[in-house]
Amino acid sequence: MILPGAIHLQHTLESGQVFHWDRQPDGSWAGLADAMPARVREVDGHLAVEQGSPDSIARFFALDHDLESIHKNFPDEPLSRAALEYCGNLRIIRQPLWECMATFITSSMKQVSHIRGMSLAIRHRFGWMPDGACVPAYPSFSSLALAGEQDLRACGLGYRAGNLLATARLLDSGAVNLEKISRLRTPALRKVLTTLPGIGVKVANCILLFAYGRLDSVPIDTWIHRLLLVMRAGRPGTASQLARYARRRLGPSAGYVQQYLFHHARALKRLHGAKFTLDSRPRG
DNA sequence: GGCCAGGAACGTT
DNA sequence: AACGTTCATGGC
């Protein structure tokens, strides 16, 4: 079954927004959607469902996002245009709230490949295997709330283990309900998210963008920080100044632009080994 | 071996 | 409010 809505699966699944999908030897991609096994393939720039629920898969891959309109709103600026040319039809997907939150709590000061490794270790140790799946489902916050910190550290989390455990326990206690707060407007939602252990502004913006579908949210990591400085011709700024600049400069779907910039920049580094001539890592 | 990675928390000015 | 430090782990 071919679903409507253009998509580039490799750009979408290997751009550091989700960490459990795997390309199979036959070229299809295997993962989970709504905790159900899913296998999909890109056919003619569209998504073909080979296993799983088409409705769940369409929702997970956010095939309802109007890519043409989003692309039309990309800023008229060289870096954004180059990124759009490189990875058009990359989609920002709609992830389960807790799974997205948990993986990005573990993301701080880790490379994308490490985040993937930690996520898989947690799935194997604490998760469960749905019938016919290739990878275990991510454990619920209630399951992780029962884990010991040492068991989490054994998954390679280091100091992040305490934060993941504390947030899992908070959610399990009912102090915060991830579904209920989804009715809040973005700034209020961001504020609630940043009260949780291990979630600062950057991780909150990842959750807002990749799970809550707030497409104007811009996570500013080391890569985006450097790119914004290049756009500003090297003019430095505080974190909040750069955030304001990004919102204004990247337009109404700033989160989408951000993801294309991030993915393109990382692809260039893999090809050429170099980053940018302006060196200025974010501090604090 | 030094350096850096999709940062956050906390202390000091 | 703006900086500095510290926090584990792994790859190059």
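Note on naming: letters A, B, ... go to the chains in the order of the sequence lines (proteins, then strands), and numbering restarts at 1 for each one. Note that the coordinates shown come from a computational prediction; the quantities given were computed from them, not determined experimentally.
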Distance check: side-chain N/O of A/Arg226 vs OP1/OP2 of B/dA5, anything under 4.0 Å? yes
From CD of A/Gln241 across to P of C/dC3 the rounded distance in Å is 9 Å
Checking A/Leu9, A/Thr12, A/Leu13, A/Ile93 against A/Trp21 for side chain to side chain contact (heavy atoms under 4.5 Å, CB included), the one that qualifies is A/Leu13
**Message:** Could you tell me how far C/dA8 sits from B/dG11 if I compare only their P atoms? Round to whole Å.
**Reply:** 16 Å
Taken to the nearest whole Å, NZ/A/Lys202 to C1'/B/dA9 is 16 Å
Testing B/dG7, C/dA2, B/dG6 for proximity to the side chain of A/Thr222, the answer is B/dG7
Practice prompt. Tell me what A/Leu196 touches on the nucleic acid: a base, only sugar-phosphate, or nothing, going by heavy atoms under 4.0 Å.
Written response: sugar-phosphate
Of C/dG11, B/dG6, C/dA2, the nucleotide closest to the side chain of A/Ser107 is B/dG6
note: A/Met109, atom CE; B/dC3, atom C1'; distance rounded to Å ~ 10 Å
(Q) I'd like to know whether CZ of A/Arg59 has more than 12 heavy-atom contacts from other residues, nucleotides or ligands below 6.0 angstrom. (A) no
For A/Thr103, report the nucleic acid contact type (base, sugar-phosphate, nothing); a contact means any heavy atom under 4.0 Å. nothing
Discussion item. Does A/Gly16 reach a base, just sugar-phosphate, or nothing at all? Heavy atoms under 4.0 Å.
Written reply: base
Notebook entry, point to check: Do the side chain of A/Arg160 and the base of C/dA8 come within less than 3.5 angstrom through a donor-acceptor pair of N or O atoms?
Noted result: yes
Rounded to whole Å, CE of A/Met118 lies from P of C/dG11 at a distance of 12 Å
Between A/Ser240 and A/Gly156, the residue closer to the 5' end of DNA chain C by nearest nucleotide is A/Ser240
Closest to the 5' end of DNA chain B, once A/Gln258 and A/Asn163 are matched to their nearest nucleotides, is A/Gln258
Original post:
Is the distance between the ring centroids of A/Tyr86 and A/Tyr260 less than 6.0 Å?
Top reply: no
Atom NE2 of A/His264 and atom P of B/dG6 are separated, to the nearest Å, by 17 Å
**Asked** Can you check whether A/Phe104 stacks with the B/dG6 base, using ring centres under 5.5 Å and planes within 30°?
**Response** no
### Message
Under 4.0 Å, counting only non-hydrogen atoms across every strand here, what does A/Phe210 touch: a base, just sugar-phosphate, or nothing?
### Response
base
Rounded to whole Å, the CZ-P distance (A/Arg153 to C/dA8) equals 5 Å
C/dT5 versus B/dG6 - spacing of their P atoms, nearest Å:
23 Å
Exercise for review: Using the C1' atoms only, state how far B/dA5 lies from C/dC7, rounded to an integer number of Å.
Suggested key: 14 Å
*asked:* Assess whether a salt bridge exists between A/Asp76 and A/Arg81, defined as any Lys/Arg side-chain N lying under 4.0 Å from an Asp/Glu carboxylate O.
replied: yes
Of C/dG10, B/dG7, B/dG6, the nucleotide closest to the side chain of A/Lys110 is C/dG10
Whole-Å distance, A/Gln150 CD to C/dT9 P, equals 9 Å
**Asked** Looking for any heavy atom pair under 4.0 Å, which part of the strands does A/Leu157 touch: base, sugar-phosphate only, or nothing?
**Response** nothing
Taken to the nearest whole Å, CD/A/Gln111 to P/B/dC4 is 12 Å
Distance-only side-chain donor-acceptor flag, A/Gln95 / A/Glu99, under 3.5 Å
no
Between A/Ser182 and A/Glu179, do the side chains contain an N or O donor and an N or O acceptor separated by less than 3.5 Å? no
